[in-house]
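Values in this document were obtained by computation on a predicted structure and should not be read as measured data.
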Amino acid sequence: MRNNRKLCFVILAMIVLTSCNDKKVIEDLAIISMIGFDRIKGEDGKLKVTASFPDLSSEASQKDEIIETVANSKKEAEDLLSSKTRQQVVNGQIHSIIIGRTLAEEGVSRVITSMERDQEIGSQVKLVMAFGEGEEIIKTDVEPDVGSYVDKMLKTETDKFTIPEMDIFHFSRDYFDDGIDPVAPLFTKEDGELVLMGTALFRKDQYVAHLDLFQSKVFLFLLGKVKKGELTIKVPDGDNIRNLHFDYIKSNRKIKVVKSNGKVDHIQINVKMRGSVIEDTGAKEISSTNETKKIEKVIAEHIERDAEGILKVLKENQTDSLGLGQYVRHSLSYKEWKKLDKYEYLETIPVSVNVDVTIKDTGMSQ
């Protein structure tokens, strides 16, 4: 019994002391929530690294602490960042990293590889791109801190299937896969506020173009990543514009590689969607089967036109963001695939998109 009491006391002391120790350490830590990388023009290969961390000391204010430095590598930047604060810099709680446009245009593999090798940083850390400088995004005045703020924005919009979800593991996987190119959410800053612009498109690890938010939704249909979501379709209605708000609850995509004489002739992307029209500003109500069929056709044709616009952007920039190469690769032998110019085929092989829309009802009242 005496031995048991001693054991309980030792365990209780360990818990209490450990708790006190953690509290003391946390106050002395600069726990980075978001880190940005920008290229400095005129500085050969040097990076401008900006880190944001909430002030957890007893004198904490409501604003983030921001420290920045110029370094030749991420590891060198960590040492230099530590030298600029009285706290110990740790990066195990980074929510996301943001890459500035100039660096993204040169290529981001150097940063991604370094982040992946860091045992303190999980592979699930989100990757986003700034249309301008990553530094500008990090210095935005938001609460509770920019890392948590951006993380919440990403979760909200990816849950709505507005933008693709991207972490450093999946970005790296798509970068090394020769049948697809990576993408990333794109942010900008307007009138002092963070704004989600859409989707950044990469060719290998270099930023080449972007899609706006509406295009991003259609892009996700083509990518086959959508389970549910909403679209507002604007169509001419006499002298006015008719807004059709389509709430889809089911969507699936199939890709078919059509071959002729042993060669890839064209690629078909078939998308099926099913949902409800929950708002319609048109003069006529959708009250008949014929009218429903007309609206289904209008929505399908509208999405197909947007899809053609997206494919045009991809072809012009020779990027395979939809991963069509994976399907082409599977339809060919290894020797045939290796002989193929993986980026030239995107420009030369026709890609068609067929969207099939089914309206099950027109809202709660129907």
Side-chain angles (χ1 to χ4, degrees), residues 32-53 66-84 89-139 146-147 150 154 164-188 199-210 317-321 342-343:
I32 298 175
S33 63
M34 190 171 188
I35 191 166
F37 297 89
D38 292 300
R39 166 69 70 226
I40 300 179
K41 293 182 179 178
E43 297 280 349
D44 188 22
K46 288 193 175 182
L47 300 171
K48 184 171 187 178
V49 182
T50 309
S52 168
F53 57 93
I66 303 287
I67 47 177
E68 55 191 25
T69 191
V70 175
N72 292 296
S73 67
K74 184 184 82 60
K75 293 304 295 181
E76 184 183 80
E78 289 176 4
D79 294 336
L80 294 173
L81 291 173
S82 292
S83 70
K84 294 188 175 185
V89 173
V90 293
N91 53 24
Q93 294 298 318
I94 294 177
H95 296 293
S96 55
I97 66 172
I98 186 161
I99 308 291
R101 180 172 178 170
T102 305
L103 177 59
E105 288 174 339
E106 290 184 8
V108 301
S109 61
R110 171 183 164 196
V111 173
I112 301 298
T113 303
S114 179
M115 298 292 284
E116 279 193 312
R117 288 177 176 172
D118 194 327
Q119 293 182 346
E120 287 188 4
I121 300 174
S123 60
Q124 303 303 310
V125 170
K126 301 293 185 297
L127 173 69
V128 297
M129 183 188 146
F131 193 61
E133 297 291 297
E135 174 191 7
E136 295 177 12
I137 302 297
I138 289 184
K139 290 182 177 178
V146 69
V150 169
L154 291 172
E165 186 175 7
M166 185 57 64
D167 55 43
I168 56 176
F169 167 76
H170 287 95
F171 188 96
S172 181
R173 180 200 61 185
D174 291 349
Y175 166 60
F176 285 108
D177 190 322
D178 59 358
I180 189 171
D181 285 309
V183 298
L186 180 64
F187 280 86
T188 190
T199 302
L201 308 177
F202 289 78
R203 184 175 185 267
K204 293 185 180 296
D205 70 328
Q206 294 177 314
Y207 165 74
V208 291
H210 73 273
N317 291 281
Q318 290 190 325
T319 176
D320 190 5
S321 308
K342 302 175 186 61
Y343 287 103

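Not one N or O on the side chain of S172 forms a donor-acceptor pair closer than 3.5 Å with the backbone of I168. Side-chain atoms of D38 come within 3.5 Å of backbone N or O of G134 as a donor-acceptor pair. Side chain of T319 to main chain of F202: a donor-acceptor pair is present (N/O by atom type, distance under 3.5 Å, no hydrogens or angles). Checked by atom type and distance alone, the side chain of D181 pairs as donor or acceptor with a backbone atom of K204 at under 3.5 Å. Although no hydrogens or angles enter the test, the distance criterion places a donor-acceptor pair under 3.5 Å between the side chain of K84 and the main chain of E68.
Annotation: side chain of I112 is not in contact with side chain of Y175 (no heavy-atom distance under 4.5 Å).
V146 approaches I137 most closely through the heavy-atom pair CG2-O, 3.6 Å. N317 and A209 make their closest contact through ND2-CB, 3.6 Å (heavy atoms, listed as atom of the first residue, atom of the second, distance). Looking at every heavy atom in both residues, L201 comes nearest to S321 through CD2-OG, 3.6 Å. Residues A77 and T69 approach most closely at O-CG2, 3.8 Å, considering heavy atoms.
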Apply side chain to side chain contact (heavy atoms under 4.5 Å, CB included) to residues M115 and F37 and explain how you reach the verdict. CA-CA 12 Å; M115 298 292 284; F37 297 89; 4.2 Å; yes

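Distance check: M166 CE to T199 OG1 gives 9.5 Å after rounding to the nearest 0.5 Å. Separation of atoms CD1 (I67) and OG (S82) is listed at 7.0 Å; rounding is to 0.5 Å. For the atom pair I32 CD1 and I121 CD1, the distance stands at 8.0 Å (nearest 0.5 Å). The structure places CZ of F169 at 8.0 Å from CD of E116, a figure rounded to the nearest 0.5 Å. With rounding to the nearest 0.5 Å, the separation of CD1 in I35 from CD1 in I138 is 7.0 Å. Here the straight-line distance linking atom NZ of K342 with atom CD1 of I180 works out to 15.0 Å at 0.5 Å rounding.
In this structure, the salt bridge (charged side-chain N to carboxylate O under 4.0 Å, His left out) partners of E135, at least two apart in sequence or on a different chain, are K48, K139. By the ring pair (Phe, Tyr, Trp, His ring centres under 6.0 Å) test, Y207 is found to be paired with no residue, residues two or more places apart in sequence or in another chain being considered. Residues satisfying the salt bridge (charged side-chain N to carboxylate O under 4.0 Å, His left out) test with D118, not counting sequence neighbours, are K74. Residues passing the salt bridge (charged side-chain N to carboxylate O under 4.0 Å, His left out) test with R101 are E105, sequence neighbours excluded. Under the side chain to side chain donor-acceptor pair (under 3.5 Å) criterion, E106 pairs with R39, sequence neighbours left out. Annotation: salt bridge (charged side-chain N to carboxylate O under 4.0 Å, His left out) contacts of E76 (sequence neighbours excluded): none.
Counting non-hydrogen atoms of neighbouring residues, nucleotides and ligands closer than 6.0 angstrom, the CD atom of Q206 exceeds 12 such neighbours.
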